[in-house]
Amino acid sequence: SPVIEKGGLSLWDIGEGIFCLELASPGGLMGEGALDAIEAALDHVAKHGHALIVSRDGADFSAGAEFRIIASFVRGGDWRKLMALIVRGQEVLERLRLAPFPTVAAISGTIAGSGLEVALRCTAIQVHAESSLGFLESSVGLIPPFGGCCELLWRADAAMAGARAMKLTFDQLASSRLSRSAALARDMCYVRPSDGITMNSARLLADARTRAVNLARDYKSGVGTVLRPLLPVRDGDVPLAGEEISNSLAPAANRAIARLISLAVSRGGDATALKEMLATTRQEFLGLVKLPGALDRLEAARGQGPGGGTRP
């Protein structure tokens, strides 16, 4: 039986001080009790374990189902509750990123929405080869609410020069494009060169467990959490729109993405800058979700594909 079970999440002891947090909430981080369960798991592993694996029992790690929950907040005009939930989500993900033990995301299927936000905060990722990764929020005129824009930018900046990192980040976020494979996700900077790719999905959890055991042996708290500033770039290096985006809300979302990227570059990556960027992310998200037509777009996304509609 699980050590902890709440909010559609279960924490399992899988031996040698390794625990596995199984995400089963259909609403991702926005599902009822999901954030409480993640915090409970972090507290438990800090006291009784050496490492944490985050996974999902099913084909998809997360398909961005929280679009439906966002729509319910917009329909009721519950802006304070929506913002409180986003603030809490950002805080919990920061706890995950700064955990005093290694964390490994074992991901497969479609990894989008808050599921991808969770994976990007883990120490390492173990991904099935046929997985599809990507942020889908711009397809409904929004941006990742928990800080995914900056997380992707910092990963891209570690792999390429500043201006190229900015362009890649903008293109991925603005296009709502899924990677369609783990290899392509590596090219898109969702998966780092140090992350593992599993060919046989039946081996995914075992491979993640092996990675967690190896990381726990010499793990030092805070390793990998220092964000380095990006190199300065010229004005105009970040495009404000993409021709591949066709819906009417996308230009506003694109401008919000560009502003967040520019802010990240100008502020660098220390704790104070990160706090400012998360606050700006909330402000941009709230502005976008209040635009005319936002609810219609969210409602239309409810019955479409992973996360509510995207293109191959």
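Given the structure is predicted, the values throughout are model-derived calculations rather than measurements. Values below: every heavy atom of this structure, side chains too, minus hydrogens, waters and symmetry copies.
- Gln90 is listed as a side-chain neighbour of Thr281, based on a closest heavy-atom distance under 4.5 Å.
- The CD atom of Glu151 lies 10.0 Å from the CG atom of Leu116; values are rounded to the nearest 0.5 Å.
- Salt-bridge check for Asp171 with Lys167: passed, with a basic side-chain N closer than 4.0 Å to an acidic carboxylate O.
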Can Leu274 and Cys150 be said to form a side-chain contact (heavy atoms from CB on, under 4.5 Å), step by step? CA-CA 9 Å; Leu274 178 60; Cys150 294; 5.5 Å; no

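- Side-chain contact between Trp12 and Val3 is absent, with no heavy atoms from C-beta onward closer than 4.5 Å.
- Contact check on Arg255 versus Glu284 returns no salt bridge, with no Lys/Arg side-chain nitrogen under 4.0 Å from an Asp/Glu carboxylate oxygen.
- Distance check, rounded to the nearest 0.5 Å: CE of Met277 to CZ of Arg282 gives 12.5 Å.
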Could you walk me through whether Ser176 and Ser138 pass the side chain to side chain donor-acceptor pair (under 3.5 Å) check? CA-CA 6 Å; Ser176 291; Ser138 73; 2.7 Å; yes

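- Salt bridge status for Arg75 with Glu299: present, with a side-chain N to carboxylate O gap under 4.0 Å.
- Ion pairing between Lys275 and Glu94 fails under the 4.0 Å rule for side-chain N and carboxylate O.
- At a cut-off of 3.5 Å, with distance as the only test, no side-chain donor of Glu130 or Ser181 sits close to an acceptor on the other residue.
- Salt-bridge formation is detected for the pair Asp36/Arg88: a Lys NZ or Arg NE/NH1/NH2 atom is positioned less than 4.0 Å from an Asp or Glu carboxylate oxygen.
- Residue-environment remark: CG (Asn200) exceeds the threshold of 12 foreign heavy atoms within 6.0 Å.
- For Gly49 against Phe19, the heavy-atom pair with the smallest separation is CA-CE1, 3.7 Å.
- Residue Ala156 comes nearest to Thr169 through the heavy atom pair CB-OG1, 3.8 Å, listed as atom of the first residue, atom of the second, then distance.
- In this structure, the separation between SG on Cys122 and CD on Glu117 is 12.0 Å, given to the nearest 0.5 Å.
- The closest donor-acceptor contact from the side chain of Asp195 to the backbone of Ile125 lies under 3.5 Å.
- In this structure, the side chain of Thr103 engages the main chain of Thr123 through a donor-acceptor pair within 3.5 Å.
- A side-chain donor-acceptor contact under 3.5 Å links Arg155 to the backbone of Tyr190.
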